[in-house]
Amino acid sequence: MKRIFVIFFVIFFFNGCFLRKQEFSVNFDNSDPLALAPDVSWAVITDPYAAFRKNAGWESGVTGHCRRAEIYQICGSDAVKNSTSSDIWYLFKEGWLPASAIAVLPNKFSAQTMAKSLK
């Protein structure tokens, strides 16, 4: 029994000493510097179609449209109070969208993963 223990010990000891460790590297995509910025949030459109508004609120005019699984960088937000409730609206370069039409994510890579699952 002692002999088996010594043989296993010697095999595992020398096996660890002579095996070459495989080197690996992690490659980050630096093409979009804001993709992992901690102060930048991203939105994925969750509604089939959504309309960008000129100002935050349902009464404002439409400035553009977007579709499900599209990704946009959030520029700002605002809380709009109505007589019955208050809605949160998010500002994008194209206009404003309500919080009910999007999912807010902390980085672009998370947004891309979610967008793939919505397609």
Side-chain angles (χ1 to χ4, degrees):
M1 181 75 165
K2 194 173 191 179
R3 195 178 274 181
I4 294 173
F5 177 72
V6 171
I7 291 172
F8 279 123
F9 178 76
V10 170
I11 289 173
F12 287 120
F13 179 76
F14 286 113
N15 191 18
C17 293
F18 295 113
L19 282 179
R20 294 183 186 187
K21 293 182 181 178
Q22 296 179 354
E23 293 183 22
F24 65 94
S25 63
V26 176
N27 296 322
F28 288 108
D29 181 10
N30 293 330
S31 62
D32 190 358
L34 296 177
L36 291 173
D39 58 340
V40 177
S41 294
W42 296 85
V44 177
I45 309 303
T46 56
D47 283 354
Y49 295 97
F52 288 107
R53 304 285 178 160
K54 184 176 182 181
N55 296 311
W58 294 107
E59 302 82 21
S60 184
V62 175
T63 60
H65 297 85
C66 57
R67 298 176 75 176
R68 179 182 298 198
E70 290 182 357
I71 301 171
Y72 294 94
Q73 180 182 343
I74 297 174
C75 299
S77 64
D78 191 16
V80 177
K81 291 189 178 185
N82 297 337
S83 59
T84 58
S85 65
S86 91
D87 297 326
I88 297 176
W89 287 74
Y90 289 94
L91 176 63
F92 303 91
K93 291 178 184 175
E94 296 81 359
W96 291 85
L97 285 175
S100 61
I102 64 171
V104 178
L105 296 154
N107 61 59
K108 191 172 183 179
F109 299 118
S110 297
Q112 289 171 342
T113 301
M114 182 177 183
K116 286 179 187 176
S117 69
L118 291 175
K119 288 184 180 179

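Because the structure is a prediction, the values reported are computed rather than measured.
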- Same apolar cluster: W96 and V104, side chain cutoff 4.5 Å: no
- Query: Does L91 reach the side chain of D78, with side-chain heavy atoms less than 4.5 Å apart?
  - Reply: no
- Message: Quick test of your reading: applying side-chain hydrogen bond (donor to acceptor under 3.5 Å, both in side chains), list the pairs with at least one residue in residues 32-47, sequence neighbours left out, ordered by first then second residue.
- Response: D32-K108
- Message: Just to verify, what does W89 make a ring-ring contact (aromatic ring centres under 6.0 Å, His included) with, not counting sequence neighbours?
- Response: W58
- Query: In chain order, what residues pass the side-chain hydrogen bond (donor to acceptor under 3.5 Å, both in side chains) check against Y90, with sequence neighbours excluded?
  - Reply: none
- Can you sort out the partners of A50 under side chain to side chain contact (heavy atoms under 4.5 Å, CB included), two or more places apart, ordered by chain and number? I45, C66, L97, A101
- Task: Would you check, one step at a time, whether the test side-chain contact (heavy atoms from CB on, under 4.5 Å) holds for R53 with V62?
- Result: CA-CA 5 Å; R53 304 285 178 160; V62 175; 3.8 Å; yes
- Shortest non-hydrogen contact from L118 toward A69: CB-CB, 4.1 Å
- Is there a path of hydrophobic side-chain contacts, each under 4.5 Å between heavy atoms of I, L, V, M, F, W or Y residues, that connects I102 with I88? yes
- Using the test side chain to side chain contact (heavy atoms under 4.5 Å, CB included), find all partners of T63 that sit at least two apart in sequence or belong to another chain. F52, K54
- Mind checking whether V40 and M114 sit in one hydrophobic cluster, side chains of I, L, V, M, F, W, Y counted as touching below 4.5 Å? yes
- Item | Sequence-distant partners of S110, side-chain hydrogen bond (donor to acceptor under 3.5 Å, both in side chains), two or more places apart | N107
